Asker: 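Next up is a structure, given as structure tokens.
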Amino acid sequence: MDKKVIITIGRQFGSGGREIGQKLSEKLGISFYDKELLAMASKESGLCEEIFQLHDEKPTNSFLYSLVMDTYSMSYASQHYVDMPINQKVFLAQFDSIKKLAEKESCVIVGRCADYALEDRDDMVSIFIHSDMDTRIKRISESYNLKNNAAKDLIIKTDKKRANYYNYYTNKKWGDSRSYHMCINSNILGIDKTVDVIIDYIQEKFK
């Protein structure tokens, strides 16, 4: 694209949101960030990357767990993050990394409240990808080699963690159409046509 754009993608587990994000980045010729954000935030904050992996889109309210993890992270923490609970350190470190990325380049960012971190930017488009349960069960059972019941259980638990994380750190509701510029059911169009619809929307928005 000629104009700078940051696309943030929220997604139900098994909806194909990550694949859609990757294809968007390829078609638009821009960078893609998902798990890569964890390593980036770790390097910039001085916090251990394993802590980011443990807290990835998972809010933790356990005082004992936070106390143990705070002790574990003390030798890695920069001065900027010292006087905070570990979950706040992780969130703010990712928040800072997302903002730096948006200043630097056009990109696709998956999850991690990126739409909230960048909500004041005119060049940001927030997308939420959802799909019906049967399609998601099929995709997850094939991807993780799980039986259907186990796949459904994993979907429900993962969606709950993502929703709790998003709702905990933002002033919006995960999956609510009012929280995003566009919500789309990937099951109706399929992955490739969903990508095309999003690109059409972006081009219309920024023309």
Side-chain angles (χ1 to χ4, degrees), residues 1 3-11 13 17-26 28-63 65-129 158 161-172 174 179-181 202:
M1 287 190 68
K3 293 186 177 180
K4 184 179 179 184
V5 60
I6 299 98
I7 305 165
T8 67
I9 297 183
R11 72 285 183 227
F13 189 54
R18 188 177 194 279
E19 184 180 355
I20 288 166
Q22 288 176 316
K23 292 196 172 188
L24 278 169
S25 75
E26 291 168 5
L28 295 173
I30 61 179
S31 300
F32 173 82
Y33 296 97
D34 183 7
K35 296 288 186 182
E36 297 84 354
L37 272 170
L38 305 183
M40 187 179 303
S42 171
K43 182 178 179 180
E44 292 175 352
S45 67
L47 293 167
C48 180
E49 187 174 345
E50 284 78 5
I51 295 174
F52 285 88
Q53 293 169 352
L54 286 169
H55 282 268
D56 191 25
E57 295 191 289
K58 292 177 261 184
T60 303
N61 293 317
S62 166
F63 172 76
Y65 179 80
S66 292
L67 185 64
V68 171
M69 292 308 296
D70 271 344
T71 302
Y72 175 59
S73 70
M74 291 237 348
S75 60
Y76 301 96
S78 67
Q79 187 63 36
H80 180 62
Y81 298 103
V82 166
D83 298 323
M84 298 179 189
I86 187 61
N87 59 323
Q88 291 286 350
K89 293 176 186 177
V90 168
F91 175 75
L92 289 177
Q94 289 185 138
F95 193 90
D96 288 345
S97 293
I98 288 167
K99 282 185 168 292
K100 288 176 182 176
L101 278 176
E103 287 293 330
K104 185 176 68 172
E105 62 179 325
S106 292
C107 58
V108 177
I109 303 175
V110 175
R112 297 163 189 88
C113 303
D115 59 305
Y116 175 69
L118 305 176
E119 63 181 351
D120 294 331
R121 297 187 64 96
D122 294 332
D123 55 2
M124 186 274 288
V125 177
S126 58
I127 309 293
F128 187 84
I129 306 296
T158 303
K161 288 175 183 176
R162 288 178 179 175
N164 287 343
Y165 180 84
Y166 187 89
N167 298 343
Y168 181 79
Y169 286 111
T170 77
N171 56 2
K172 301 186 289 184
W174 187 79
S179 298
Y180 310 90
H181 293 125
I202 291 169

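The structure displayed is predicted, hence computed values, not measured ones. Residue numbers count from 1 along this sequence.
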Asker: Apply the test side-chain contact (heavy atoms from CB on, under 4.5 Å) to residues Y165 and C113: give CA-CA distance (whole Å), side-chain angles for both, the deciding distance (0.1 Å), then the verdict.
Answerer: CA-CA 8 Å; Y165 180 84; C113 303; 3.5 Å; yes
Asker: For E36, give me all partners under salt bridge (charged side-chain N to carboxylate O under 4.0 Å, His left out), at least two apart in sequence or on another chain.
Answerer: none
Asker: Tell me every residue that passes side chain to side chain donor-acceptor pair (under 3.5 Å) with S126, counting only those two or more places apart in sequence or in another chain.
Answerer: H181
Asker: Could you work out, with side chain to side chain donor-acceptor pair (under 3.5 Å) as the rule, every residue matching S31, not counting sequence neighbours?
Answerer: E105
Asker: Residues two or more places apart in sequence or in another chain: which of them pass ring-ring contact (aromatic ring centres under 6.0 Å, His included) with F95?
Answerer: F91
Asker: Is it true that R121 and E103 make a salt bridge, defined as a side-chain N closer than 4.0 Å to a carboxylate O?
Answerer: yes
Asker: Who passes salt bridge (charged side-chain N to carboxylate O under 4.0 Å, His left out) against K172, sequence neighbours left out?
Answerer: D115
Asker: Would you check if the side chain of K99 reaches a backbone N or O of A117 as a donor-acceptor pair within less than 3.5 Å?
Answerer: yes
Asker: Does K35 have any salt bridge (charged side-chain N to carboxylate O under 4.0 Å, His left out) partners at least two apart in sequence or in another chain, and if so, which?
Answerer: D56
Asker: What pairs with D34 under side chain to side chain donor-acceptor pair (under 3.5 Å), at least two apart in sequence or on another chain?
Answerer: R18, R112
Asker: Identify, with sequence neighbours excluded, every residue that meets side chain to side chain contact (heavy atoms under 4.5 Å, CB included) alongside K100.
Answerer: E44
Asker: For K43, give me all partners under side chain to side chain donor-acceptor pair (under 3.5 Å), at least two apart in sequence or on another chain.
Answerer: none
